[in-house]
Amino acid sequence: MLPEGIPYGLGIMEFGRWVGHEGEAIGWEALAVKDLQTGTSLAVAANGCGGLFDGFLGVLLTLYPESMLAE
């Protein structure tokens, strides 16, 4: 489930410079995103479900802190 305040429509969400899709099913959760400014793509997956989205955002913030700022 996405936190409040993240635009989401037609299966695509946007936050900072990133656009992509988050999904989950029983036993797994994944996020695939792309930075439209640099062309950088990132995909993460985990064995678990429910509530992992914040952790995925933490990975983005750690690797690309400047890209999380809206421009």
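Please read all numbers here as calculations on a predicted model, not as lab measurements.
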Find the distance between [atom1] ([X]) and [atom2] ([Y]) and round it off to the nearest 0.5 Å.
| X | Y | atom1 | atom2 | value |
| --- | --- | --- | --- | --- |
| L31 | H21 | CG | NE2 | 9.5 Å |
| D54 | L61 | CG | CG | 11.5 Å |
| L57 | L52 | CG | CG | 11.5 Å |

Qualifying salt bridge (Lys or Arg N to Asp or Glu O under 4.0 Å) pairs with a residue from residues 32-44, counting only residues at least two apart or across chains: R17-D35
Hey, could you give me each pair passing salt bridge (Lys or Arg N to Asp or Glu O under 4.0 Å) that has a residue in residues 36-52? Not counting sequence neighbours. none
Test side-chain contact (heavy atoms from CB on, under 4.5 Å) applied to A30 - qualifying residues, sequence neighbours left out: W28, A45
Side chain proximity check, F56 to L60, heavy atoms < 4.5 angstrom: no
What heavy-atom pair brings T62 and P65 nearest, and what distance separates the two atoms? O-CD, 3.9 Å
